[in-house]
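Below: one structure, written as structure tokens.
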Amino acid sequence: MTKEKLLLLDGNSLAYRAFFALPLLTNDSGIHTNAVYGFTTMLQRILEEEQPTKMLVAFDAGKTTFRHDTFTEYKGGRQKTPPELSEQFPYLRKLIDAYGIKRYELEMYEADDIIGTLAKEAATQDMDVIIVSGDRDLTQLATEQVTVYITKKGITEIEKNTPAFIEEKYGLTPLQIIDMKGLMGDASDNIPGVPGVGEKTAVKLLKEHGSVEALYEAMDTLKASKMKEKLVANEGQALMSKKLATIFTDAPIEVTFTELNYSGPNEEALIDVWQELGFKSLLEKSDFTIEEEERAPFDFDIVQEVQPEFLKDVMAIHVELEDEHYHTCRQLGIAFTDGTATKYVPFDVAVKSDILRRWLEDATKVKYMADSKASQAALNREGIHLAGVDFDLLLASYINNPALSGDDVATLAKELGYRDVQANESVYGKGAKRAVPDTDALAEHASRKAFAVWTLQPKLEELLRENEQYDLYKNLELPLAAILSEMESEGIKVNRATLEEMGQELNDKLVILEQAIYAEAGEAFNVNSPKQLGVILFDKLGLPVIKKTKTGYSTAADVLEKLKPEHAIIEHILMYRQLGKLQSTYIEGLLKEIHEQDSKVHTRFQQALTATGRLSSTDPNLQNIPIRLEEGRKIRQAFVPSQKDWILFSADYSQIELRVLAHMSEDPNLVEAFREGMDVHTRTAMDVFHVSAEEVDSNMRRAAKAVNFGIVYGISDYGLSQNLDITRKEAATFIDKYFASFPGVKRYMDDIVQDAKFNGFVTTILNRRRYLPDITSSNFNLRSFAERTAMNTPIQGSAADIIKKAMIDMDARLKKENMQAKLLLQVHDELIFEAPREELALLEKIVPEVMENAIELTVPLKVDFNYGATWYEAK
DNA sequence: TCTTTCACG
DNA sequence: ACGTACGTGAAAGAT
């Protein structure tokens with residue numbers, strides 16, 4: 001029989017802690033949920049770690065307790081419980097019941113007393129006892145059998161108070177904690193103590209005398225001092241305070257230990273509570289099976305022939321695809337609705353219908369869609385050129401709040417309170433069980449999506465107008481989707497043979513390096529395993545440990561760089577890593593993505609994903625093809641134009657983020673630097689180091705460049721010190737000097753954080769928003785992160801606005817000029833085109849012109865360009 | 001599925 | 001006293 005383990009939780013204290021530690025979350029019905037959420041996450045963790053056999057959550061009952069008989073002002077002057085917290089207690093009780101945990105409260109006693117009484121009793125029955133609270137007072141209950149867990153940093157960390165721990169921390173026994181409070185008092189409980197005595201003095205006195213009573217007995221031996229006077233004058237108060245602080249361990253509790261047996265949650269009840277509270281992440285993480293919500297019945301028809309009268313002037317249409325890989329997956333069918341009648345056409349039927357084809361291509365026929373870029377790309381494959389898209393649910397949701405957007409219609413709809421559409425996962429299944437369902441189920445699913453789009457269109461447009469984001473959505477993101485879809489469908493040609501040849505060479509080098517590493521290590525091991533590599537470097541070879549990760553030794557490149565002088569193996573490992581990365585990600589990875597039919601790769605640009613408004617690129621990611629190191633840069637030799645005698649043409653914005661910063665901050669110094677066409681890093685070095693342009697050496701410029709990066713990222717001395725490998729203090733000096741030279745930037749950074757605190761969000765030049773709920777958090781880390789984000793997002797996001805606008809203008813200009821040149825890729829501050837060589841002269845003229853004039857700033861935008869027979873040469 | 005590492009702007 | 005630079009995606013190993 002294993003030992004019983006009793007877990008006693010201080011319900012009130014933990015709820016308070018969680019409430020103040022977390023931002024005010026609300027569920028769909030507007031109930032605040034942060035305290036319950038925090039309590040739940042903490043409970044989940046403790047249950048997993050401790051595996052208790054018995055549990056109880058104690059609550060305070062009512063306002064008055066026996067302590068008020070001693071001192072009527074006990075807990076007086078306390079702030080009223082915020083209503084946002086009060087409303088959560090019923091849910092907390094429901095939650096605890098669903099977990100199958102005993103709840104208990106007792107008239108006239110506080111939760112502490114219940115816990116103290118049960119802990120004492122349990123210890124006599126030889127149980128292990130763990131108490132969990134946010135209130136340090138409870139540490140007085142610690143004994144060899146009773147450990148008191150006190151939550152720290154809100155609720156994320158736990159301090160385990162054993163008698164030994166308390167001894168080390170204060171030099172006191174757990175029971176002396178009571179004496180300490182008797183002397184120093186406790187403002188939060190309105191316990192007076194002795195005025196002028198704080199923690200330091202109290203601990204000192206108790207180390208000397210042992211207890212409050214012993215201290216007063218020995219009072220005559222103390223030499224006269226202000227302190228002694230205060231002690232003498234407040235003897236009664238000190239003794240009363242000690243009494244108030246003492247947890248009562250003989251409360252008349254009427255529960256048996258059998259009632260406290262814990263055997264796990266009632267899953268069904270717990271799911272219900274979590275759903276009611278809207279704890280999506282917990283529901284997903286748990287392995288509970290969630291029952292489908294009931295949906296209202298829905299009328300739709302499956303048609304095998306498209307009649308012209310089905311197709312109205314304004315419709316919501318949905319192209320149902322097998323999965324998210326819309327360039328390759330099966331297209332299953334098309335649903336369309338006018339809000340009255342909903343029809344589903346299997347895809348093979350749809351493509352054969354000239355009526356439908358003409359309607360899809362007719363720009364005067366208005367279409368509302370869930371994800372127009374995916375649909376357009378999927379239709380492009382059949383030679384259907386979608387036109388007339390007027391609403392895009394995915395993009396509208398993303399602009400409304402970039403943090404929420406999933407890519408499933410059900411998820412997006414649910415965020416707006418619409419539930420009559422199923423999640424893809426529940427229609428198709430997941431993992432190995434994933435399969436396309438029968439036509440009826442498929443048709444219903446697609447039809448419901450079309451209807452959801454129809455229903456949500458007015459709501460979302462209204463929301464966007466309210467926030468003055470309609471223009472951004474309608475005139476930037478929506479037309480951009482069509483352009484991106486063309487870019488993706490066009491694809492970029494990749495020379496398979498070139499990559500294979502490089503792969504062969506890399507392979508030869510990797511084999512040699514691997515052998516050298518084994519020889520230097522004295523054994524063979526998996527160099528790609530950070531764990532095994534850590535053992536070799538730090539245990540076997542005894543190299544100094546510079547940094548640790550949460551799972552072991554760090555073997556990241558910056559760490560290895562520092563170890564280079566220590567051992568010859570390091571250089572080989574770094575080289576192995578570098579070449580291995582090229583081989584696995586860029587040679588093998590890219591080869592897998594080349595389409596057989598056209599020798600091209602067709603990436604997907606995610607337009608509704610990033611928090612800042614940037615695009616991202618997947619399958620393959622063409623926004624991180626190597627360039628910084630020559631070995632990697634050669635990968636770009638495999639990217640070629642799709643036609644003979646064509647070229648690749650690349651144009652990039654110079655210092656766009658710093659120019660945006662100059663524009664937004666209106667810092668005179670920074671503005672001048674750009675207006676004068678100066679090298680901005682050199683200029684920064686001149687101002688920070690107080691030297692002339694000629695005196696700026698490469699080191700100074702390097703440091704200045706790092707500071708400029710830091711400014712854009714939301715500067716911190718720690719980050720800069722890491723980057724430049726200098727001390728934090730030196731980094732702080734750099735930053736101070738920078739802000740002294742660029743006071744406008746300093747003001748901007750301060751203002752933007754204030755704005756974010758006031759509004760709860762930050763915006764870009766085109767009014768893109770990012771909400772920053774953590775900006776008011778009491779958690780230092782969360783708040784600091786939000787503050788840096790507040791500084792960075794307007795910069796990164798506005799740069800994204802600018803290049804997106806340039807893409808739209810460029811598309812129009814290429815059409816106007818009747819050019820064959822095609823835009824293929826966007827890499828954040830760079831556009832890559834392919835074009836016949838004859839168009840080069842015109843490209844050199846119009847690309848910089850269009851890009852530089854995309855959006856007018858108070859400083860000029862500058863564009864550099866290059867071209868060549870491969871992407872490598874277009875540098 | 002999560003963690004670590006490393007490629008890009 | 002707190003402990004990270006901003007934004008991404010892919011591969012490999014560990015779990």
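Letters A, B, ... are given to chains in the order of the sequence lines, protein chains preceding strands, and every chain is numbered from 1.
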Heavy-atom donor-acceptor pair, [X] side chain to [Y] backbone, under 3.5 Å:
| X | Y | answer |
| --- | --- | --- |
| A:Gln51 | A:Glu48 | yes |
| A:Thr603 | A:Pro620 | yes |
| A:Ser617 | A:Leu622 | yes |

Phosphate contact ([N] OP1 or OP2) by [X] side-chain N/O below 4.0 Å:
| X | N | answer |
| --- | --- | --- |
| A:Arg788 | C:dT4 | no |
| A:Arg628 | B:dG9 | yes |
| A:Lys531 | C:dT15 | yes |
| A:Ser529 | C:dA12 | no |
| A:Ser716 | C:dA5 | no |
| A:Arg770 | C:dG7 | yes |
| A:Gln826 | B:dG9 | no |

Which part of the nucleic acid, if any, lies within reach of [X] when heavy atoms closer than 4.0 Å are counted: base, sugar-phosphate only, or nothing?
| X | value |
| --- | --- |
| A:Thr555 | sugar-phosphate |
| A:Gln722 | nothing |
| A:Ile627 | sugar-phosphate |
| A:Asn526 | sugar-phosphate |
| A:Val827 | sugar-phosphate |
| A:Gln532 | sugar-phosphate |
| A:Ala799 | nothing |
| A:Ala706 | base |
| A:Asn723 | base |

Would you mind reading off the distance between [X] atom [atom1] and [N] atom [atom2], rounded to a whole angstrom?
| X | N | atom1 | atom2 | value |
| --- | --- | --- | --- | --- |
| A:Asn792 | B:dG9 | CG | P | 16 Å |
| A:Ile635 | B:dC6 | CD1 | P | 17 Å |
| A:Gln607 | C:dG7 | CD | C1' | 17 Å |
| A:Leu591 | C:dA11 | CG | C1' | 15 Å |
| A:Tyr586 | C:dA11 | OH | P | 10 Å |
| A:Asp774 | C:dT4 | CG | P | 15 Å |
| A:Leu825 | B:dC8 | CG | P | 16 Å |
| A:Glu631 | B:dA7 | CD | C1' | 14 Å |

Measure the distance between the ring centre of A:Phe780 and the centre of the six-membered base ring of C:dC2, then answer whether it is under 5.5 Å with planes under 30°.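 No, A:Phe780 does not stack on the base of C:dC2.
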Any stacking of A:Tyr718 on C:dT4, going by centres under 5.5 angstrom and planes within less than 30 degrees? yes
Ion pair [X]/[Y], N-O distance below 4.0 Å:
| X | Y | result |
| --- | --- | --- |
| A:Glu159 | A:Lys169 | yes |
| A:Glu657 | A:Arg614 | yes |
| A:Lys634 | A:Glu631 | no |

Compare the minimum distances between each of C:dA12, B:dC6, C:dA5 and the side chain of A:Ala556, then state the nucleotide with the smallest one. B:dC6
What nucleotide, of B:dT3, B:dT5, C:dA11, holds the atom closest to the side chain of A:Lys550? B:dT3
With the threshold set at under 4.0 Å for non-hydrogen atoms, list the residues of residues 608-625 of chain A touching DNA chain C in residue-number order. A:Leu609, A:Thr610, A:Ala611, A:Thr612, A:Arg614, A:Ser616, A:Ser617, A:Thr618, A:Asp619, A:Asn621
Could you tell me the Watson-Crick or G-U partner of C:dC2, where both distances fall under 3.5 Å? Say none if there is no partner. none
Can you tell me if A:Lys705 has over 12 outside heavy atoms packed within less than 6.0 Å of its NZ? no
Can you confirm whether the side chains of [X] and [Y] place a donor and an acceptor under 3.5 Å from each other?
| X | Y | result |
| --- | --- | --- |
| A:Thr684 | A:Asn708 | yes |
| A:Asp323 | A:Tyr428 | no |
| A:Gln826 | A:Gln623 | yes |

Pairwise C1' distance for C:dC2 and B:dA7, with rounding to whole Å: 32 Å
Heavy-atom nearest nucleotide on DNA chain C taken for A:Glu588 and for A:Gly714; more 5' hit belongs to A:Gly714
